[in-house]
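One structure below.
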Amino acid sequence: MTDTVLADTSTAPSEPPRERRIVTAIPGPKSQELHARRLKVVPPGVHSVLPVYIESAHDAILRDVDGNQFIDLGAGIGVTTVGHTQGPVVEAAKDQLDKFLHTLFTITPYESYVRVAELLAEHTPGDFEKRSVLVNSGAEAVENGVKIARKYTGRRAVAVLEHAYHGRTNLTMAMNFKAAPYATGFGPLAGDVFHAPSSYPFHDGLSGAEAAARTISYLEKHVGASDLAALVVEPIQGEGGFMVPAEGYLPALQEWASANGVVFIADEIQSGMGRTGAYFASEHFGLVPDLLLSAKGIAGGLPLAAVTGRAEIMDAAQPGGLGGTFGGNPVAAAASVAVFDLIERDGLLANAARIEKRLKAGLSAIAERFDIIGDIRGIGAMVAIELVQPGTASTTKAPNAAAVGALAAYAAENGVLILTAGTYGNVLRFLPSLAITDEQIDDALGVLADGFAAL
Ligand code: PLZ
């Protein structure tokens, strides 16, 4: 008998190579079969951007049931930020699976919930006492943030920004800028939600101070600070198209909010948990939100979300006023603790700057060849391009959604998953996991460049 000698590779022997590989038409025959089954039992309201059915995923690669492999530039919309199926995260979840799956924290509590709250207190901006409530989804975090702000202030109104996205529940539908597809026909919507003008440097050309004056004037005239419970902002808007506000804009809003007793809430559901190279994007702007909402990336793929904030605000909610059956599920909480540990252990935050540099350099090179790229923007592993009609980049900046659709389709057919965004559907966004390699980025951008050439 001879010993089996395993090669020293970073991939397990059964794992496919971590590269793009297309072996069938997209979607392949097995995906098509699954899709036909799905159409009989899942309503069209639940739409899939790319109906290839996934069999496994690791790091930045998705493998479908037909054996096609995609470079994943979407990370499940910013969820698998540390990479798909990272060992320590999977192990932590598996360990917890053997212990208990559920008790309901509001019946009999457990440590991992407390640990997640400690980690959130440590890694969110602000050197003061904080509390966290854990829930299941981003929208639920938004709902709770608003609820807590209303209780604390005794005020009714909520302000959000143009181009915002906050979820699919009744209140959050009203908070989204885009009615279609999120709210169309689903009303009546929640009242007392006000959409204020935002900062969108590519389009408005305003300085941060000018844009903030516009936002504040709108709120003072249209709502009145004394009726405003909360101002909810995404430091970098996600679904809206990764707009980085002009310098000074967000700090001016925060200053106005705190001078007027308005709870300043940062929705960091998409921009948070390392995506921009800081734990939370608020840090890039010097923001110290009163309440910070997190979800998506905080548990590496398991459903978990949180409202974290100043103790005196969070403590305004009466005992029993916050919670929910599955909020802070023990498996999700265990995975979340592992995600925080992994970010520290591997210094993952530093990857965001590498990814930004690589993506922006590649995209700039493409922009030199094709004049429909009007803007390249973003921070860290949160980068986007806004596409305009030929020759309008410095004039009308007329949106080019058709090109975005064609490019995303071309990329998918060639093994690169790129998500779209933007109020006018004319943004391609790149939000890969922090585990993506330079080679994978270059390969994906090569495909994208071919897509531009094919337009
Ligand atoms: N706030 C900033 O990005 C979720 C939406 C996907 P949930 N964005 C992805 C879709 O089409 O439903 C999001 C966000 C910001 C809130 C949310 C809502 O988070 O976990 O999807 O409820």
Side-chain angles (χ1 to χ4, degrees), residues 42-51 73-81 133-147 158 160-184 186 190 193 195 198 230-245 250 265-273 275-276 280-282 287 289 291-308 324 326-329 332 336 378-379 381-382 384 408 417 419-423 425 427 429-431:
V42 180
V46 185
H47 174 74
S48 292
V49 169
L50 178 61
L73 297 182
I77 317 196
V79 171
T80 54
T81 306
V133 54
L134 302 185
V135 291
N136 302 292
S137 69
E140 208 187 338
V142 178
E143 292 265 357
N144 277 280
V146 170
K147 200 163 115 173
V158 183
V160 292
L161 297 179
E162 285 179 354
H163 310 291
Y165 180 87
H166 296 291
R168 291 175 179 279
T169 57
N170 188 259
L171 172 64
T172 56
M173 274 195 293
M175 293 168 71
N176 298 337
F177 184 64
K178 257 164 101 161
Y182 308 120
T184 308
F186 296 151
V193 175
H195 296 254
S198 57
L231 170 58
V232 187
V233 307
E234 297 160 81
I236 300 173
Q237 292 182 319
E239 303 304 305
F242 291 12
M243 292 81 110
V244 180
L250 291 171
I265 304 182
D267 177 343
E268 291 245 25
I269 288 162
Q270 194 158 155
S271 60
M273 209 52 190
R275 177 138 301 279
T276 64
F280 292 97
S282 289
L287 300 177
L291 301 182
L292 185 145
L293 313 176
S294 58
K296 292 191 186 283
I298 68 170
L302 285 155
L304 190 71
V307 183
T308 302
F326 290 122
N329 169 271
S336 180
I379 300 179
M382 193 172 185
L417 176 59
L419 301 178
T420 64
T423 296
V427 174
R429 57 177 151 167
F430 307 86
L431 60 168

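Residue indices begin at 1 and follow the sequence shown. All heavy atoms count here, side chains included; hydrogens, waters and symmetry mates do not. Order of appearance sets the numbers: ligands from 1, and atoms from 1 within every ligand.
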Would you mind reporting whether [Y] and [X] have side-chain heavy atoms less than 4.5 Å apart?
X      : Y      : value
Leu250 : Pro235 : yes
Val142 : Ile269 : yes
Glu268 : Ser282 : yes

Response to the item:
Close residues (non-hydrogen atom under 4.0 angstrom from ligand 1) work out to Ile77, Ser137, Gly138, Ala139, Tyr165, His166, Gly167, Arg168, Glu234, Glu239, Asp267, Ile269, Gln270, Lys296
Discussion item. Can you give me the closest heavy-atom contact between Thr172 and Gly167, atom names plus distance?
Written reply: OG1-C, 3.1 Å
Practice prompt. Determine the minimum heavy-atom distance between Thr276 and Ser271, stating which atoms define it.
Written response: CG2-O, 3.7 Å
Discussion item. Run the salt bridge (Lys or Arg N to Asp or Glu O under 4.0 Å) test against Glu239 and tell me which residues pass, sequence neighbours left out.
Written reply: Arg429
